[in-house]
Structures are given as structure tokens and as C-alpha cells.
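Single-structure report; data block below.
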Amino acid sequence: MSHVQRFDHVSITVKDLDAAAAFFVGLGFEPEGRMVLEGEFLDTVTGIANARTEIVMLRSPEGGTGLELSSFIRPDHEPGSPDAMANELGLRSVALVV
């Protein structure tokens, strides 16, 4: 079994991107950039056709693993359920690159 060689970032989808970013900046994270993403790559990674999302990248002051906060512009937000199965939308789009 191979071991993890690098862990670049963690991604969290949030409803209010500005509020979530402000929260993590308040904890000491530093903004690295903000962008809107759409197209084939996003559709493939999320499994959602015609998706569009806005992303804020944050990193701790000493570098290391980053934090990607994203909020979908398309499709509209749907409230989550605490009873959701692990393979439901949002939880199934984790990608691991070795």
C-alpha cells in the first residue's frame, strides 16, 4: 500500500461564501484568491451538469494544507439532510489523486 505524499487542500461547499471566508480569516487563514469556475472540469468533478461555482482559496500562515470554500451559483442550493446517505450529492464528489 502506498502512503500519502502530499495533501494539498480540503474543499467545503458553503451557502454564504463571504461569511464562511470571514470566519476562517478570523481564525488566522489567509486568502490566496477568489474565482468563478464552470465548464467540463467542474461538471466532471462534481457530477453536476452545467454547474457554476465561486471559490475562495485560503491557507494557514505557515503554508501547508489549504482550505477551498465554494458556493454554487448553479444549480440552486438544496438544503442538506442529516439522514443523507454517504453517496448523496456533495458527499460523493471527493476526489483522491495518488
Side-chain angles (χ1 to χ4, degrees):
M1 173 183 246
S2 64
H3 297 278
V4 174
Q5 295 178 354
R6 180 177 171 182
F7 190 63
D8 184 69
H9 71 279
V10 174
S11 180
I12 303 172
T13 302
V14 299
K15 183 176 182 178
D16 186 334
L17 190 59
D18 292 327
F23 172 80
F24 285 104
V25 167
L27 292 177
F29 281 81
E30 298 174 349
E32 285 193 327
R34 190 174 187 131
M35 71 181 93
V36 174
L37 185 62
E38 63 185 320
E40 185 178 348
F41 173 76
L42 181 64
D43 293 356
T44 301
V45 170
T46 63
I48 303 170
N50 198 31
R52 182 179 179 146
T53 188
E54 186 170 10
I55 298 170
V56 172
M57 288 298 297
L58 305 165
R59 198 160 302 269
S60 59
E62 73 278 353
T65 303
L67 176 61
E68 174 186 303
L69 301 175
S70 64
S71 182
F72 279 91
I73 299 165
R74 250 188 345 251
D76 289 335
H77 297 277
E78 292 183 24
S81 166
D83 300 322
M85 299 297 293
N87 64 346
E88 287 196 24
L89 184 60
L91 298 177
R92 70 176 177 201
S93 64
V94 175
L96 177 62
V97 178
V98 180

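- Closest approach of Thr65 to Phe7, counting heavy atoms only: OG1-O, 3.1 Å.
- Between Leu69 atom CG and Ser11 atom OG the span is 7.5 Å, to the nearest 0.5 Å.
- Taking all atoms of both residues into account, the shortest heavy-atom contact from Gly63 to Ser60 is O-OG, 2.6 Å.
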So Ile73 and Glu38, side chain to side chain contact (heavy atoms under 4.5 Å, CB included) or not? Walk me through it.
CA-CA 10 Å; Ile73 299 165; Glu38 63 185 320; over 6 Å; no

Could you give me the CA-CA distance, side-chain angles and deciding distance for Phe72 and Thr46, then say whether side chain to side chain contact (heavy atoms under 4.5 Å, CB included) is met?
CA-CA 11 Å; Phe72 279 91; Thr46 63; 3.8 Å; yes

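- A distance of 10.0 Å separates CG of Leu42 from CG of Asn50, quoted to the nearest 0.5 Å.
- Remark: Glu62 CD is packed, more than 12 non-hydrogen atoms of other residues, nucleotides or ligands lying under 6.0 Å away.
- Between the Asp8 side chain and the Gly66 main chain, no donor and acceptor come within less than 3.5 Å of each other.
- One N or O on the side chain of Thr53 and one on the backbone of Ser71 form a donor-acceptor pair closer than 3.5 Å.
- A pairwise comparison of heavy atoms in Ile48 and Pro75 identifies CG2-CD, 3.7 Å as the closest pair.
- Under a 3.5 Å cut-off, the side chain of Arg59 and the backbone N or O of Glu32 do not form any donor-acceptor pair.
- With rounding to the nearest 0.5 angstrom, the CZ atom of Arg52 is 6.0 Å from the CZ atom of Arg74.
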